[in-house]
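Right, one structure below, let's go through it.
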Amino acid sequence: MTTLLEILDQPLVLALIRVLIVFTALSLIVAYLVYAERKILAHIQVRLGPMRVGPHGLLQPIADGLKLLLKEDIIPEGADRAVFWLAPAITVLASFTAFSLIPFADNFYVTDVNVGLLFVIAISSLGVLGIILGGWASNSHYPLLGALRSTAQLVSYEVALSFALISAILLAGTLSMNGIVKAQLQQGVWFAFMQPVAFFILFVAAIAETNRNPFDLPEAESELVAGFHTEYSGFRFSLFFLAEYAAMVLVSSIAVTLFLGGWLRPFPNVEWLGFLRFAPVVVFGAAGTWCFLRFFRFPTGREWFWQRLMLFALGAGAAAAALGLLYPPVLVASQGAFWFLAKVFLFLYAFIWFRGTFPRYRFDQLMRLGWHFMIPLAIVNVIFCGVGLVLSWELGWNRSLSLLLASGATLLVAAWLARERS
Amino acid sequence: MGQTPSVSTTILGADEVILNMGPQHPSTHGVLRVKLKLDGEKVISSECIIGYLHRGVEKIGETRTYAQFAPYVDRTDYVAAVSNGLGYCEAVEKLLGAEAPPRARWVRTILTELQRIASHLLWLGTHALDIGAMTPVFYCFREREEILKIFEKYCGARLTTHAFRIGGLLYETYDGFEEDVKKFCHDFLSRVDEYEELLTENRIWIQRTRGVGILTADDAIAMGASGPVLRGSGVKWDIRRAFPYAAYDQFEFDIPVGENGDTYDRYLVRMQEMRQSHRIVLQAIDSIPSGPIAARIGKVLKPPPGEVYHSIEAPKGELGYYIVSDGSTQPYRLRIRPPSFVNLQVLDQMIRGLLIADVVAVIGTLDIVLGEVDR
Amino acid sequence: MVPTWHYLALAAALFTVGVIGVLTRRNIIIIFMSLELILNAVNINLIAFARHWGSVDGHIFAIFIITVAAAEAAVGLGILIAFFRNRDTVNADEIDLLKW
Amino acid sequence: MTFYEVTFYVLAVVALLSAILVITCRNPVHSAIFLVLTLLSVALIFLQLQAEFMAAVQIIVYIGGIMVLFLFVIMLVNLDVAVRQAPYNRQRWIAGFAALVLLAEFTLFIYQGRDWAKLPPAAAEAVQPNTELIGRALFQNYILPFEVASLLLLVAMVGAVLMAKQR
């Protein structure tokens with residue numbers, strides 16, 4: 001935990017290397033998140049999804065990226081060119097910059113400032129500017145309606161989101177992202193179990209913040225064609241696209257860091273569960289085995305040669321990674337990042353799953369849900385959480401017990417609110 | 001400079017926005033153009049502008065012989081071609097005073113009911129997609145594909161089938177027809193349950209459809225609405241029961257009706273109709289009689305002068321054919337009463353005061369096909 | 001270390017720019033934005049002094065100023081919308097009626 | 001000049017230039033964008049002044065909240081006409097002169113106080129103004145003003161809703 005001044009004193013090269021690693025990894029994750037979404041949705045919907053580019057369509061993200069880059073870049077007539085250009089840049093910058101404050105492992109993060117969480121919220125809240133400016137600059141009805149919707153939605157749900165974060169801060173007693181993870185290690189429990197209601201609110205608000213189904217109104221294709229980015233094409237569109245998926249990863253990372261113990265492995269304090277540290281080996285081993293199995297069942301023939309070769313290389317790579325992970329120092333070093341990413345993927349999977357399952361809310365329903373249910377519930381939750389903490393500090397009650405009582409009381413309020421709504 | 005497109009709403013005392021929805025819009029089901037007058041996102045009034053798919057089908061009918069025109073009707077409601085064909089063939093048969101033999105009537109009933117299921121499946125998928133649920137459409141297409149395969153095996157075409165001929169059928173059923181249909185029926189009910197699991201009890205689905213686009217029974221009758229749109233409003237009216245045609249008088253089936261006339265009720269009605277169609281198909285396939293498949297009506301059709309109106313219960317509502325004969329080989333006048341066109345009339349009334357998102361839901365619930373609206 | 005008076009000079013310059021904006025522009029929205037500039041200039045001063053004297057009181061006052069700015073923006077824009085609804089203009093020099 | 005100093009001067013210039021652009025742009029949306037730039041630079045200057053909390057609050061409240069509100073209102077209010085009208089009012093020359101007088105006054109004061117203001121900041125390390133300290137100060141010494149401020153916000157919120165509501 002450092003103040004920003006001290007970070008300026010650090011050697012720049014080290015910081016730059018970290019930035020480079022984080023953002024390369026992030027770009028890859030985002031690219032393959034799109035691929036994963038297409039594949040998972042396809043399997044939910046009894047179809048195959050991308051299968052052509054590379055084995056099982058593994059190179060599809062790259063092909064898509066190239067396609068978007070090579071497409072004609074259209075700027076609508078009457079658009080405000082400068083703002084039209086600026087908007088996607090703002091959005092993408094906002095969602096990528098915030099990652100510099102996320103701790104991926106115990107000692108791997110770009111920075112860890114003492115008000116880290118505040119900065120994550122601050123930076124990610126800049127993204128809405130890009131959306132509203134993009135919608136306005138397009139000089140068209142659908143984007144403007146999309147931008148207005150989007151802004152109202154983001155601003156509303158940000159309130160609930162922030163309140164949900166506050167209860168995690170109350171439990172941790174620090175704003176530093178890494179400090180929050182360490183607090184969970186110390187207290188021996190993930191905050192999701194101490195504050196289930198806050199976790200739920202955060203989850204729902206996160207879906208709304210990233211414009212995902214069932215809250216994907218700003219870009220509801222059946223109503224507003226494509227919402228704020230209707231008029232965008234080619235490279236600029238890909239920036240918006242990238243920003244959206246990066247934002248998904250970002251909110252998942254925040255939720256994981258605050259409520260699911262960040263880079264901690266499950267039950268970090270339970271000795272006999274130590275074998276869990278071999279999970280990365282198992283995962284990579286399984287991936288390698290699957291690749292080899294597919295390799296032998298893959299159609300042979302000249303047109304499949306490169307695909308088979310790639311599958312073989314992937315299998316070999318995964319197997320090599322699994323073997324390498326058996327070496328203790330590597331295993332220890334990989335733990336943090338592995339568990340962090342695993343939890344983030346779990347979150348992202350839920351996002352995709354929802355998209356395959358739910359219809360879409362109507363705008364007024366969405367706002368009513370936000371203002372009449374989520375925000376009051378979030379406020380009540382923070383109050384009860386505070387009461388629970390005071391009970392344990394001042395009266396010496398058992399901390400977990402008092403917090404669970406607080407959550408129970410919040411759930412009662414939630415039930416009441418839900419009954420009022422219907 | 002970016003000129004702000006004026007979204008000044010009447011909240012701000014400024015003018016309303018005119019928003020053109022379509023003719024190129026993801027959810028106007030073709031080339032429908034709805035000119036919406038908006039207050040913010042609220043619809044003040046609307047105007048349907050149609051004709052982007054007008055091909056003059058009725059006029060073409062006057063320049064073709066009766067038999068030649070039969071393929072054209074497939075292209076009006078192109079997602080329920082079999083039903084169109086049935087209506088046309090029966091209308092001409094009525095004009096001729098002929099009747100198809102029982103076996104032909106049974107096969108016609110089976111195929112038409114399968115077509116009803118296929119049409120409703122397409123409606124369900126796209127309707128759900130409009131409301132934002134993207135998965136049902138793929139499930140629906142899976143089952144629709146089975147039906148289209150049966151059509152293809154029967155007559156070689158999947159979409160514009162031209163399955164029937166005036167006086168009966170051209171083709172005898174293929175070997176394995178009954179097994180195919182039974183196999184489809186065997187799975188189908190569980191598949192409908194699967195769709196209903198995704199939607200019927202879903203809170204969001206209910207919120208999006210219940211109380212949206214309400215059409216009272218009186219209004220529905222006054223506007224001439226028919227089919228599920230009419231039945232969703234609680235009017236128990238089904239031509240299959242009121243004026244039985246084909247072999248419908250032989251089978252038992254219920255007529256599902258709604259209560260409130262909202263989008264949710266119409267959804268439930270159509271889901272029930274699929275189950276009822278399944279019931280009819282099962283009954284028909286078990287009792288299919290043997291015998292000739294076509295009546296002897298001669299090669300050159302020259303109906304006696306006169307006029308006839310014959311309507312059937314197409315998937316979308318009352319599909320009527322009004323034919324005037326002058327005794328020649330071609331109709332003197334041919335008029336199609338398409339259900340989509342008439343049902344589309346109620347759109348404006350249903351969407352006033354609702355939001356843009358509801359407009360999409362209501363267009364979906366009307367289940368229109370622009371080929372039929374414009375003809 | 002940057003001497004404190006550099007911060008003060010920056011704040012003074014921002015303040016003046018804001019004042020010019022408030023006094024010369026016709027569009028109320030831009031006048032509001034100029035007000036925000038002025039408030040920000042004051043904030044810079046407060047924070048600079050807070051560092052200068054090593055105390056957090058300046059921060060507290062800056063927080064209050066941001067609160068006031070938020071309140072001002074909300075109420076001001078509310079009035080603006082009400083005004084626009086009635087008069088169809090956002091020009092300050094056309095707001096010359098005491099009552100409408 | 002250290003990196004630290006360079007950043008300050010760059011930020012100061014950016015803040016000032018974009019502030020000038022805020023009041024000279026014809027299109028309010030452009031003004032708003034430049035105001036965002038100014039506010040962002042000021043937030044970074046706060047960071048330099050060891051006021052991380054204030055910087056975060058500046059970004060969250062000003063840029064994420066107030067500026068979005070501004071943009072929202074700009075888009076609700078049809079401004080095609082405003083862009084084409086004269087941007088400045090009739091008193092602009094007098095106003096400009098008055099502002100220059102004000103600037104001169106500021107310069108005089110800063111010049112007079114240059115000696116103490118040049119002193120190295122007192123005890124830069126002694127007090128690290130961090131979030132916890134601000135929190136303690138806010139909820140102990142300044143609890144009454146804090147509550148008054150919250151009341152003010154409530155009143156403002158109600159007032160804004162009342163004003164903008166459709167009659």
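These figures come from a predicted structure and were not determined experimentally. Throughout, protein chains are lettered first and strands after them, A, B, ... in sequence-line order, and every chain is numbered starting at 1. Heavy-atom basis, side chains included; hydrogens, waters and symmetry copies ignored.
Within the 4.5 angstrom heavy-atom criterion, atoms from both the backbone and the side chain of C:I63 approach chain D. Heavy atoms of C:F15 lying under 4.5 Å from chain D belong exclusively to its side chain. Heavy atoms of D:V61 lying under 4.5 Å from chain C belong exclusively to its side chain. D:L138 touches chain C through backbone and side chain together, each having a heavy atom under 4.5 Å away. Heavy atoms of C:L80 lying under 4.5 Å from chain D belong exclusively to its side chain. Of the two parts of C:E36, the backbone and the side chain both hold a non-hydrogen atom closer than 4.5 Å to a non-hydrogen atom of chain D. Heavy atoms closer than 4.5 Å to chain C are found in both the backbone and the side chain of D:Q58. D:T24 touches chain C through its backbone: at least one of N, CA, C or O sits under 4.5 Å from a heavy atom, while the side chain does not. Only the side chain of D:L102 comes within contact range of chain C, with at least one heavy atom under 4.5 Å from a heavy atom of that chain.
Residues D:Y9 and C:H6 are in side-chain contact: their nearest non-hydrogen atoms beyond the backbone lie under 4.5 Å apart. A 4.5 Å side-chain heavy-atom check between C:I60 and D:N141 finds every atom pair outside the cut-off. You'll find the side chain of C:N40 stays beyond 4.5 Å of the side chain of D:T38, heavy atoms only.
Partners of D:F8 by ring pair (Phe, Tyr, Trp, His ring centres under 6.0 Å), not counting sequence neighbours, listed by chain and number: C:Y7.
In terms of heavy-atom proximity, C:A13 sits nearest to D:L16 at CB-CD1, 3.5 Å. Nearest heavy atom pair, residue D:L103 against residue C:A12, reads CD1-O, 4.2 Å. The two atoms that bring D:V22 and C:R25 nearest to each other are O-NH1, 4.4 Å, heavy atoms only. The two residues D:A156 and C:A71 come nearest to each other via the heavy atoms CB-CB, 3.5 Å. Shortest non-hydrogen contact noted between D:A95 and C:T24 is CB-CG2, 3.7 Å. Counting all heavy atoms, side chain and backbone alike, C:V17 lies closest to D:A19 at CG1-O, 3.5 Å.
Atom OH of D:Y142 sits in a crowded spot, with more than 12 heavy atoms from other residues, nucleotides or ligands closer than 6.0 Å.
Note: C:N27 CG to D:S31 OG = 8.0 Å, rounded to the nearest 0.5 Å. Rounding to the nearest 0.5 angstrom, the gap separating the CD1 atom in C:I30 from the CD1 atom in D:I23 is 9.5 Å. A distance of 13.0 Å separates CZ in C:R51 from CZ in D:F46, rounded to the nearest 0.5 Å. From C:I29, atom CD1 reaches atom CD1 of D:I74 across 5.0 Å, with rounding to the nearest 0.5 Å. Annotation: the span from C:L46 atom CG to D:L49 atom CG amounts to 11.5 Å, rounded to 0.5 Å. Interatomic distance, D:I66 CD1 to C:F32 CZ, rounded to the nearest 0.5 Å: 11.5 Å.
Heavy-atom pairs under 4.5 Å with chain D were tallied for C:A11, C:G76, C:A70; the largest tally goes to C:A70. Highest contact tally toward chain D, considering only C:T67, C:L37, C:I31, is held by C:L37 [criterion: heavy-atom pairs under 4.5 Å]. Across C:G21, C:S34, C:G58, the residue that shares the most heavy-atom pairs under 4.5 angstrom with chain D is C:G21. Of the listed residues D:S150, D:A98, D:G96, D:A32, the one with more heavy-atom pairs under 4.5 angstrom with chain C than any other is D:A32. Listed options C:I66, C:V75, C:V19 were ranked by heavy-atom pairs under 4.5 angstrom with chain D; first place goes to C:I66. Per-residue heavy-atom pair counts under 4.5 Å with chain C were compared for D:F106, D:F72, D:F70, and the maximum is reached by D:F70.
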Walk me through it: do C:L8 and D:F109 pass the test side-chain contact (heavy atoms from CB on, under 4.5 Å)? CA-CA 10 Å; C:L8 304 189; D:F109 276 127; over 6 Å; no
Practice task
Begin from the C-alpha positions of C:N43 and D:V42 and carry the test side-chain contact (heavy atoms from CB on, under 4.5 Å) through to its verdict.
Solution key: CA-CA 9 Å; C:N43 273 354; D:V42 172; 5.7 Å; no
